[in-house]
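Keep in mind the model is a prediction, meaning the values are calculated, not measured. Sequence lines set the chain letters: A, B, ... in the order given, protein chains first and strands last, and positions in each chain run from 1.
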Number of protein chains: 2
Amino acid sequence: MKYELSACRVEDALGILVGKWKPIILLHLLNHGTQRFNQLRRSMPGITQKMLTKQLRELETEDIVERVVYAEIPPKVEYSITEYGRSLQPILEAMHEWGVKHTVHKQTK
Amino acid sequence: MKYELSACRVEDALGILVGKWKPIILLHLLNHGTQRFNQLRRSMPGITQKMLTKQLRELETEDIVERVVYAEIPPKVEYSITEYGRSLQPILEAMHEWGVKHTVHKQTK
DNA sequence: CTCTACAGTATCCTTTTAGATACTATATTA
DNA sequence: TAATATAGTATCTAAAAGGATACTGTAGAG
């Protein structure tokens, strides 16, 4: 295998992707493009406002998600995935593919 | 994008891979094949015995890792990755690739 | 007879993550 | 004049993850 000494690199990606809601947020932004705060919230039943804010802030800090605030009332804030964030797509896809097989595995064993 | 309604599948993979030591354990088993308990332990400075045991038990429960006990004294226990566990390799690879780019990104931005 | 290697358990403690709930400000709508 | 939508904060609590430390049993080596 080609990696070996740089095995720890895997954890960088993991560190960004873990969080109960992060992959869901990213998939939403990938699939639906720019979204407002409450738009995201409504598409994730079960998430609290605090959690959504927190996860988005973390993704923003990592430069995965961009946050644009409009000086309007009522407030308008738009979230979108960055080019850099888009680079995570292959990982999400690999996990998705695996997830589908995994379901099958559980059923047939 | 091809997934959409089945977005949650991504979390199945994530659920198996998260844990401070799991990806490291899996990479070791992928790179070095069957390993004894203390062999793994020595290759992961910083992990405690309890943690290694715990992570291995969880991976065993998920059928990602196989545990073989030899009735010898001193004890001998061998761990290896299962065929099913090997199916995670594309994910680990995708994360590794990303991790390398990520490092570059951090440096150049 | 004591020491070491092996593969663990058991117990306690700290940190991190997640969740519940209540609160804020303001323009627009009815 | 009161309710609504928006995008949050603040505070408290519960649960999960991670870590430190001490302990176990037994064959073989010295």
Side-chain angles (χ1 to χ4, degrees), chain A residues 8 10-29 32-62 64-81, chain B residues 8 10-29 32-62 64-81:
Chain A
C8 51
V10 167
E11 298 191 88
D12 294 348
L14 216 48
I16 284 181
L17 255 18
V18 293
K20 189 169 170 188
W21 303 98
K22 279 182 194 166
I24 304 180
I25 292 171
L26 292 177
L27 287 174
H28 260 281
L29 293 178
H32 306 304
T34 301
Q35 299 268 295
R36 295 183 62 172
F37 184 83
N38 274 349
Q39 240 176 331
L40 281 171
R41 190 149 93 102
R42 277 188 289 264
S43 43
M44 290 171 228
I47 198 170
T48 62
Q49 219 163 8
K50 180 196 153 189
M51 263 298 127
L52 182 53
T53 301
K54 198 186 157 213
Q55 307 285 297
L56 285 170
R57 289 290 182 284
E58 289 173 9
L59 290 170
E60 194 194 352
T61 300
E62 301 278 6
I64 302 299
V65 155
E66 190 189 12
R67 178 171 178 264
V68 178
V69 183
Y70 295 86
E72 297 176 8
I73 287 193
K76 177 178 172 185
V77 180
E78 284 186 340
Y79 292 93
S80 56
I81 202 150
Chain B
C8 51
V10 166
E11 298 191 90
D12 294 349
L14 215 49
I16 285 181
L17 255 18
V18 293
K20 190 167 168 188
W21 303 98
K22 279 181 192 165
I24 304 180
I25 292 171
L26 292 177
L27 287 174
H28 260 282
L29 293 178
H32 307 304
T34 301
Q35 298 269 295
R36 294 184 61 173
F37 184 83
N38 274 349
Q39 239 176 330
L40 281 172
R41 189 148 94 102
R42 276 188 290 264
S43 44
M44 290 173 229
I47 197 170
T48 61
Q49 220 162 8
K50 180 195 152 188
M51 262 299 127
L52 182 52
T53 302
K54 198 187 157 211
Q55 307 284 296
L56 285 169
R57 290 288 183 287
E58 290 174 8
L59 290 170
E60 195 194 351
T61 300
E62 300 277 7
I64 302 298
V65 155
E66 190 189 12
R67 179 171 176 263
V68 179
V69 183
Y70 296 85
E72 296 177 10
I73 287 191
K76 178 178 172 185
V77 179
E78 284 186 340
Y79 292 92
S80 54
I81 203 151

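Protein atom OH of A:Tyr70 is 18 Å distant from nucleotide atom C1' of D:dG8, rounded to whole Å. One can place CD of A:Glu72 at 18 Å from P of D:dA5, the figure rounded to the nearest angstrom. Between the CD1 atom of A:Ile47 and the C1' atom of D:dA7 there is a distance of 14 Å, rounded to whole Å. Across the protein-nucleic acid pair, B:Glu11 atom CD and C:dA18 atom C1' stand 14 Å apart, rounded to whole Å. The separation between A:Gln55 atom CD and D:dT9 atom P is 14 Å, rounded to whole Å. Nucleotide D:dA7 holds its P atom 11 Å from the CD atom of A:Gln35, rounded to whole Å. Rounded to a whole Å, the CH2 atom of A:Trp21 is 10 Å from the C1' atom of C:dG19. One atom, CE of B:Met51, and another, P of D:dT21, lie 15 Å apart when rounded to the nearest Å.
Every residue two or more places apart in sequence or in another chain that forms a side-chain contact (heavy atoms from CB on, under 4.5 Å) with A:Glu66 is listed here: A:Val68, A:Ser80, A:Thr82. The side chain to side chain donor-acceptor pair (under 3.5 Å) check on B:Arg36 picks up nothing, with sequence neighbours excluded. Taking A:Arg42 as the reference, nothing meets the side chain to side chain donor-acceptor pair (under 3.5 Å) condition, with sequence neighbours excluded. Among residues two or more places apart in sequence or in another chain, the side chain to side chain donor-acceptor pair (under 3.5 Å) test is passed with B:Gln39 by none. Residues that satisfy the side chain to side chain donor-acceptor pair (under 3.5 Å) test with A:Glu78, not counting sequence neighbours, are A:Tyr70.
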Residue pair B:Ile25, B:Leu29: steps toward the side-chain contact (heavy atoms from CB on, under 4.5 Å) verdict: CA-CA 6 Å; B:Ile25 292 171; B:Leu29 293 178; 4.1 Å; yes
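The phosphate of D:dA16 has neither OP1 nor OP2 within less than 4.0 Å of any side-chain N or O from A:Lys20.
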Once base and sugar-phosphate atoms are separated, protein heavy atoms under 4.0 Å mark nucleotides 1-15 of chain C, 5' to 3', with B, S and - as ----BBBBS-B----
